[in-house]
Amino acid sequence: MINIALPKGRLGDKVYSLFSDIGYTCPELLMENRKLVFVNEQAEVRYFLVKPTDVGIYVEHGAADIGVVGKDILLEGEPDVYELLDLKLGRCRFAVAAREGYKEDPSLPLRVATKYPNVARKYYAGLNREISIIKLHGSMELAPLSGLSDVIVDIVETGSTIKENNLRVVADIAPVSARLIANKASYKFKGEEIDRITKELAKRL
């Protein structure tokens, strides 16, 4: 039995379709219900429906053997897992954005608003730039517009929301997409099957 942590939502639907194509079907998962665990004994698969930000935790701690999680969550949370494959779904990027016309003052700490403090700290540490983190949970774009921050570090997909709010991308940090991850102990004991899953998924990308 292989245990798979599946992110809830649109990404999870796409990921399930990929797993289904390689033989890990679970028809009950497509039915309208409130269940969170789905098992198909014949296909020897068990799916856990998990909040996307929790997938890495379920896999790291061995509740799931494998899972699919955004690279943004891997970079921010740094779970102790193996990253096996870029599924090329949900593509976007981490970027720094500022108001149009903003001029940085290198003599002052940079005020950075973000939902991703670890990503921001690592990026600016690499630039030897002193920063002050402002952790937000809502719309990032408002922070520089209101004077709360100098810049934001956020996920950018098309860039339209940035432009509509009179901001501009001033630096790209890292590409983001969905990744297949594996628990390290599971990989020792179920490595053959996990490798087969990885190869079969790669053929369909």
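Just so it is clear, the values below take in all heavy atoms, side chains as well, and ignore hydrogens, waters and symmetry mates.
- At distances below 3.5 Å, not a single donor-acceptor pair connects side-chain atoms of Asp172 with backbone N or O atoms of Ala95.
- In this structure the side chain of Asn183 never reaches within 4.5 angstrom of the side chain of Val81, judged on heavy atoms.
- Contact of the Glu200 side chain with the Ile197 side chain is not registered, since no non-hydrogen atoms from C-beta on lie closer than 4.5 Å.
- Residues Thr198 and Arg196 bring no donor and acceptor atom of their side chains to less than 3.5 Å of each other.
- Between the side chain of Arg111 and the backbone N or O of Val151 there is no donor-acceptor pair closer than 3.5 Å.
- Arg129 contributes no side-chain N or O that, together with a main-chain N or O of Ala125, makes up a donor-acceptor pair within less than 3.5 Å.
- For Tyr16, the ring pair (Phe, Tyr, Trp, His ring centres under 6.0 Å) partners two or more places apart in sequence, or in a different chain, are Tyr47.
- Atom-to-atom distance recorded for Asp72:CG and Arg93:CZ is 14.0 Å, nearest 0.5 angstrom.
- A salt bridge is absent between Glu76 and Lys122: the closest approach of a Lys/Arg side-chain nitrogen to an acidic carboxylate oxygen does not fall below 4.0 angstrom.
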| Checking side-chain contact (heavy atoms from CB on, under 4.5 Å) for the pair Leu29/Leu6: CA distance, chi angles, key distance, verdict? | CA-CA 11 Å; Leu29 203 148; Leu6 202 62; 3.9 Å; yes

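- In this structure, the separation between CG on Leu145 and CD on Glu100 is 11.0 Å, given to the nearest 0.5 Å.
- Without hydrogens or angle criteria, Asp65 side chain to Asn3 main chain gives a donor-acceptor distance under 3.5 Å.
- Evaluation of the salt bridge (Lys or Arg N to Asp or Glu O under 4.0 Å) test over residues 29-58, restricted to residues two or more places apart or in two chains, returns Glu28-Lys35.
- For the pair Ile152/Pro144, a side-chain contact is recorded, criterion being any heavy-atom separation below 4.5 Å from C-beta on.
- Ile155 places a side-chain heavy atom less than 4.5 Å from the side chain of Tyr116.
- Lys115 pairs by the salt bridge (charged side-chain N to carboxylate O under 4.0 Å, His left out) definition with nothing, not counting sequence neighbours.
- Between Leu201 and Leu180, some side-chain heavy-atom pair lies under the 4.5 Å cut-off.
- By the ring pair (Phe, Tyr, Trp, His ring centres under 6.0 Å) test, Phe19 is found to be paired with no residue, residues two or more places apart in sequence or in another chain being considered.
- Inter-residue side-chain proximity for Leu11 and Leu89 is flagged as met; some heavy-atom pair is nearer than 4.5 Å.
- Salt-bridge annotation for Glu60 and Lys184: absent, with no side-chain N of the basic residue lying under 4.0 Å from a carboxylate O of the acidic one.
- Here OG1 of Thr114 is found 6.0 Å from CE of Met140. Values are rounded to the nearest 0.5 Å.
- Note that CD of Glu192 and CD1 of Ile194 are 11.0 Å apart. Values are rounded to the nearest 0.5 Å.
- Formation of a donor-acceptor pair under 3.5 Å by the Asp150 side chain with backbone atoms of Leu110 is not found in this model.
- Residues Val55 and Ile73 fail the side-chain proximity criterion, which asks for heavy atoms closer than 4.5 Å.
- Leu75 and Leu85 sit in two unconnected hydrophobic clusters of ILVMFWY residues. Membership requires side-chain heavy atoms under 4.5 Å apart, directly or through other members.
- Shown here is Phe189, whose CZ atom has no more than 12 heavy atoms of other residues, nucleotides or ligands within 6.0 Å.
- Proximity of Val50 to Leu36: side-chain heavy atoms (C-beta onward) are nowhere separated by under 4.5 Å.
- For the pair Lys190 (side chain) and Met1 (backbone), a donor-acceptor distance under 3.5 Å is present.
- Residue pairs meeting the ring pair (Phe, Tyr, Trp, His ring centres under 6.0 Å) criterion with at least one partner in residues 74-93, sequence neighbours excluded, are Tyr82-Tyr187.
- Closest approach of Glu104 to Pro106, counting heavy atoms only: O-CD, 3.4 Å.
- The closest donor-acceptor contact from the side chain of Ser177 to the backbone of Arg91 lies at 3.5 Å or more, if one exists at all.
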Sequence neighbours excluded and cut-off under 3.5 Å, please list the side-chain donor-acceptor pairs for residues 160-171, or say none.
unit_1, atom_1, unit_2, atom_2, d
Ser160, OG, Thr158, OG1, 3.0
Asn165, ND2, Thr161, O, 2.9

